[in-house]
Protein chains: 2
Amino acid sequence: MARKTGSHSDITGPKIRAAAERLFARHGYAAVSMRQIAAEVGVQAGALYLYTPDKQSLLAGLMRDHLEALIASWKTQTPASHPHDRLRQFVRFHIGYHIDRPDAVFIAYMELRNLEPDRFAEIEALRRSYEAELEAILRDGQAAGVFELADPRLASMALIAMLTGVTNWYREGGRLSRAEVEELYADMALKSVGRVA
Amino acid sequence: MARKTGSHSDITGPKIRAAAERLFARHGYAAVSMRQIAAEVGVQAGALYLYTPDKQSLLAGLMRDHLEALIASWKTQTPASHPHDRLRQFVRFHIGYHIDRPDAVFIAYMELRNLEPDRFAEIEALRRSYEAELEAILRDGQAAGVFELADPRLASMALIAMLTGVTNWYREGGRLSRAEVEELYADMALKSVGRVA
DNA sequence: GTCTATACCCTGATAGAC
DNA sequence: GTCTATCAGGGTATAGAC
């Protein structure tokens, strides 16, 4: 028989983060209580504080982990050489990665306002550094004369918003497959920064 | 001298909605207490219940008013006849309207999860009916052979997300003027649904 | 490592005086 | 129309037993 109490620090920690991620995404950080998270995990509320100093650190940890993994994952991609291909690669990557992690994405973008200034600045910096990757692609393409851009910074903000929006409506097993969605967004993105006909 | 207490129902109601809108947008619905709203308005918490039956109705009212005004305002526009111009008109309208009301926009998009099923369905229907306006423009343009669209529904979702994202970064008095932002987004939107060069 | 118990505060909402 | 006072419940976080 399994012991009722015992050492589970290696699995309880991840379970807490997983439960918090799901609940925060579903109901919002402020609307979720530590008691709810604990109930989801199957421990008492007090036990959570063995794994996080407080509720906000739990949130900030989720955001940081997500953004760091996102950036690290992007950096493992072998860069396509042509700006056109590079942008298509970014779109595919961004959509694919985000479609698989809708909860983490939602939290990282929407719960920033629940962070105190220091933590906010830290998370915001990570987000900016990811967005800078896209902006660099656009600037390179512009310098190479492949893209026609009045303002690369604005274009990168516009594209990021467009791409991330896919998590608002995409459902596994829906009308369009993942690959189809990736290609359609890539087509729109490429056209939006291309030369006028 | 002004009376300390008296009849103010004509101004207190709007003040409550304005305070709630600002606070909900800034901190999130769940994180804001009725006492905070009351303090902002300058009344006691109990007085709020003369104007709303409960906290959630206050939220739903803000969302409904915003979306109904948005749709009504769009319908006052004289439709441009050419799909090209019509899309540009929509982009200008959408960005202009949203830039002026960042709080209402944020709430209407982000606090849906705090609504109970009935209210959620009502608000969601309003949002869909607005999105359908864009989708209709895209379909018309596709039928006229002006736009090249693999999937009008996906394209409308992509464009709405792109356009609405402007509220995340635009600041009055920033590097780009309103008119510039509207034009740059319109250019990108038009190119994204245009024929390939 | 987890539990029970609890401190202390804030929540939404209501009742009744003025 | 607004106030004060209040209720019952739930919030985060901690203390100390096991």
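Letters go in sequence order (proteins before strands), and every chain restarts at 1.
Each of D/dT2, D/dT12, D/dT6 was ranked by its minimum atom distance to the side chain of B/R35; first place goes to D/dT6. Out of D/dT12, D/dT2, D/dG11, the shortest distance to the side chain of A/Q36 is found at D/dG11. Taking only side-chain atoms of A/A47, from C-beta outward, the nucleotide of C/dG12, D/dT2, C/dC3 with the closest atom is C/dC3. Among D/dG11, C/dT4, D/dT2, the nucleotide with an atom closest to any side-chain atom of A/Q44 is C/dT4. You'll find that the side chain of B/Y51 is closest to D/dT2, out of D/dA13, D/dT2, C/dT2. In this structure, of C/dG12, C/dT2, D/dT12, it is C/dT2 that holds the atom nearest to the side chain of A/V43. Between C/dG12, C/dT2, D/dA13, one nucleotide has an atom nearer to the side chain of A/M34 than all others, and that is D/dA13.
Across the protein-nucleic acid pair, A/L50 atom CG and C/dG1 atom P stand 7 Å apart, rounded to whole Å. Atom CD of A/E116 and atom P of D/dT12 are 15 Å apart (whole Å). Atom-to-atom, NE2 of A/H27 to P of D/dG11 comes out at 12 Å; the value is rounded to the nearest Å. As rounded to whole Å, 13 Å separates atom P of D/dA13 from atom CD1 of A/I16. If you measure from atom CG of A/L48 to atom P of C/dT2, you get 10 Å, rounded to the nearest angstrom. Atom-to-atom, CD of A/Q56 to P of D/dG11 comes out at 18 Å; the value is rounded to the nearest Å. One atom, OH of B/Y49, and another, P of C/dT11, lie 11 Å apart when rounded to the nearest Å. Taking atom CD1 on B/I37 and atom P on C/dA13, their separation rounds to 10 Å, with Å as the unit.
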Let me see the working for A/H98 and A/F106 under ring-ring contact (aromatic ring centres under 6.0 Å, His included), right down to the final yes or no.
CA-CA 9 Å; A/H98 283 59; A/F106 197 74; over 10 Å; no
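Between A/R92 and A/E183 a salt bridge is recorded (basic side-chain N to carboxylate O distance below 4.0 Å). Residues A/R127 and A/E124 are paired through a salt bridge, judged by an N-O separation under 4.0 Å between the basic side chain and the carboxylate. Under the 4.0 Å criterion applied to side-chain N and carboxylate O atoms, A/E182 and A/R88 are not assigned as salt-bridge partners. Between A/E40 and A/R22, at least one side-chain N (NZ, or NE/NH1/NH2) sits under 4.0 Å from a carboxylate O, which counts as a salt bridge.
End-to-end axis angle of the helix from C/dG1-D/dC18 to C/dC18-D/dG1, from C1' rotation axes over five pairs per end: 0° (rounded to 10 degrees).
Contact annotation for A/V32: backbone-only contact, meaning every heavy-atom pair under 4.0 Å involves sugar-phosphate atoms and none involves a base.
Remark: aromatic rings of A/Y97 and A/W74 are distant, center separation not under 6.0 Å.
Cation-pi contact between A/K55 and A/Y29: present, with separation from the ring centre below 6.0 Å and deviation from the ring axis of at most 45°.
Residue A/S33 places at least one side-chain N or O closer than 4.0 Å to OP1 or OP2 of D/dG11. For the pair B/T12 and D/dT2, the criterion of a side-chain N or O lying under 4.0 Å from OP1 or OP2 is met.
Distance alone, capped at 3.5 Å, is enough to place a donor-acceptor pair between the B/R113 side chain and the A/A25 backbone.
With the nearest nucleotide of DNA chain D identified for both B/G46 and A/P53, B/G46 has the one nearer the 5' end.
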